[in-house]
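All heavy atoms count here, side chains included; hydrogens, waters and symmetry mates do not. Just so we're clear, the structure is a prediction, and the values are computed from it rather than from any experiment.
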Amino acid sequence: VSYWFKVFKLNWAKFWLLVEDRNSIENIISFLSNLHVTLDIHKEKLVHEKFKLDAFYWIVIQESDKVLEKASQAIFQAKETWNNLYYFSETENFEDENKKSLNQLMKLDKAIEENRIVPFFQPLKNLSTWEIKKYECLMRVQNWENFESPFQYLEVAKKYWRLPEIAKIMIKKVFEFASNNPNYSFSFNLSWEDLSNSDIISLIEEELKKYEIINIWNLTAEVLEWEWKDYEKIKTSILQLKKLWLKIAIDDYWAEHSNINRINELLDAEIPDYIKIDWSLIRRLTDLNQKKSASAKADIENIIKKAWLYW
């Protein structure tokens, strides 16, 4: 990506990036966001014993000749609120569209920085004995005393390349917890972006070796077949995970987006250890329309037969 801007040095600690094309603002936001991540990663290498490295960024959208004045206001507000990235605009439509995503990005980056990306362990019980058989690991963002669902951050996380960092945090915390609780089984989610990322696959292998997890069959990676965008590459990654003795579960089987033929191909290759039937198919069992409920029952029976065939 090319960033079209002019750089001005005001003093030893302050730089201005002047962008004349409003359409380049998204690129600038992306550039500053990734610059912040890069500086944070290399902070220890750059720190001097007498100086503390930190960076603040201010974005000003202004069509008049008062850019410096408005920028000064943005700087003041940023310092008052202790935000690393502050956005100021007098164009309401543009502000409404972008300020929300920027605020979400700032909240997400702050949560990552302060180690507030945490796993929740949702118990799965045997319906006959009510015994806990397994825990499903779900991501939450801790916000003071509340724990937020990650879904509100997913769009901005994808847009500004935070998904790999979040995935690595979850994998490390889940594996550490699993190593301390060997008598329980755990499952964690892997998106197609995770499966396409060789660093994520390598991290899983490293974590297994680090904690020397003995009962490795108690770990399951859940994947969503319908979101795969590079089938062969992801299939290769899954086979690599299988070699690490991880179990594989196909999630949301029979969902609206599922490719049944592709799942059958995975079954033929003996890739999945589990198939999790989508709730929409189970719900159809109780449909008042007898044809729909009978069809759902037949579909589920076929799935069970197929599972026994590959067992």
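- In this structure, K158 and E193 have side chains that are in contact, with non-hydrogen atoms separated by less than 4.5 Å.
- Between K305 and E301 there is no salt bridge, since no side-chain nitrogen of the basic residue lies less than 4.0 Å from a carboxylate oxygen of the acidic one.
- A 4.5 Å side-chain heavy-atom check between K172 and E207 finds at least one atom pair inside the cut-off.
- When the side chains of ILVMFWY residues are joined at heavy-atom separations under 4.5 Å, either directly or via intervening members, L239 and I201 end up in a single hydrophobic cluster.
- Aromatic ring orientation, F177 versus F186: perpendicular (interplanar angle above 60°, classes split at 30° and 60°).
- Counting non-hydrogen atoms of other residues, nucleotides and ligands closer than 6.0 Å to CD of Q152 gives a total above 12.
- Of the candidates K276, E136, E222, S187 forms a side-chain hydrogen bond (donor to acceptor under 3.5 Å, both in side chains) with just one, namely E222.
- Enclosure of atom CD in Q290 is not indicated, since only 12 or fewer non-hydrogen atoms of other residues, nucleotides or ligands lie within 6.0 angstrom.
- Between the CG atom of D252 and the CD1 atom of I275 there is a distance of 12.5 Å, given to the nearest 0.5 Å.
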Exercise. Could you walk me through whether F175 and F188 pass ring pair (Phe, Tyr, Trp, His ring centres under 6.0 Å), step by step?
Key: CA-CA 10 Å; F175 277 52; F188 60 98; 5.5 Å; yes

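- Here the CD1-CG distance, from I238 to L266, works out to 6.5 Å after rounding to the nearest 0.5 Å.
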Exercise. Go through the steps for V118 and K173 under the test side chain to side chain contact (heavy atoms under 4.5 Å, CB included), then give the verdict.
Key: CA-CA 8 Å; V118 297; K173 291 188 175 183; 4.0 Å; yes

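- L244 and I271 end up in the same hydrophobic cluster when Ile, Leu, Val, Met, Phe, Trp and Tyr side chains are linked at under 4.5 Å.
- One hydrophobic cluster, built from ILVMFWY side chains closer than 4.5 Å, cannot hold both I300 and W279; they sit in different ones.
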Quiz item: T220 and K134: side chain to side chain contact (heavy atoms under 4.5 Å, CB included), yes or no, with the steps?
Solution: CA-CA 10 Å; T220 302; K134 194 174 190 175; 3.2 Å; yes

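- Remark: side-chain polar atoms of N115 are not paired, donor with acceptor, to backbone N or O of A111 under 3.5 angstrom.
- Between W245 and L219 there is no side-chain heavy-atom pair separated by less than 4.5 Å.
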Quiz item: For N289 and R284, what are the C-alpha separation, side-chain angles and deciding distance, and is it a side chain to side chain contact (heavy atoms under 4.5 Å, CB included)?
Solution: CA-CA 9 Å; N289 186 315; R284 279 168 47 199; over 6 Å; no

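- The structure places CD1 of I112 at 10.5 Å from OH of Y153, a figure rounded to the nearest 0.5 Å.
- Cluster membership check: L154 does not share its hydrophobic cluster with L108, using side-chain heavy-atom separations under 4.5 Å among Ile, Leu, Val, Met, Phe, Trp and Tyr.
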Quiz prompt | Working for side chain to side chain contact (heavy atoms under 4.5 Å, CB included), residues K110 and R116 | solution = CA-CA 8 Å; K110 201 70 174 176; R116 289 189 283 107; 3.8 Å; yes

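- Note that CG of L163 is 7.0 Å distant from CG of D194, once rounded to the nearest 0.5 Å.
- Contact check for D109 versus R162: side-chain heavy atoms found under the 4.5 Å cut-off.
- To the nearest 0.5 angstrom, N197 atom CG is 10.5 Å from W192 atom CH2.
- Across all their heavy atoms, V141 and M139 have their closest contact at CG2-CE, 4.0 Å.
- Residues I234 and S196 form a side-chain contact, since some pair of their non-hydrogen atoms from C-beta on lies under 4.5 Å apart.
- Using modelled atom types, one finds a donor on one side chain and an acceptor on the other under 3.5 Å when comparing E148 with N143.
- Here CG of D278 is found 9.5 Å from CG of L224. Values are rounded to the nearest 0.5 Å.
- L138 and L124 fall into different hydrophobic clusters, where Ile, Leu, Val, Met, Phe, Trp and Tyr residues are linked whenever their side-chain heavy atoms come under 4.5 Å apart, directly or through other members.
- When all heavy atoms of P182 and N218 are compared, the pair lying nearest together is O-ND2, 3.1 Å.
- By the 4.5 Å heavy-atom criterion applied to side chains, V223 and D251 are not counted as neighbours.
- Contact record, S293 with D287: CB-O, 3.7 Å, taken as the closest heavy-atom pair.
- When all heavy atoms of D273 and K247 are compared, the closest pair comes out as OD2-CA, 3.2 Å.
- Side chains of P150 and R140 form a contact here, defined as non-hydrogen atoms less than 4.5 Å apart.
- Nearest heavy atoms, I200 versus P164: CD1-O, 3.8 Å.
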Exercise. Go through the steps for S202 and D199 under the test side-chain hydrogen bond (donor to acceptor under 3.5 Å, both in side chains), then give the verdict.
Key: CA-CA 5 Å; S202 297; D199 288 343; 5.4 Å; no

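- In this structure, L241 and L190 have side chains that are in contact, with non-hydrogen atoms separated by less than 4.5 Å.
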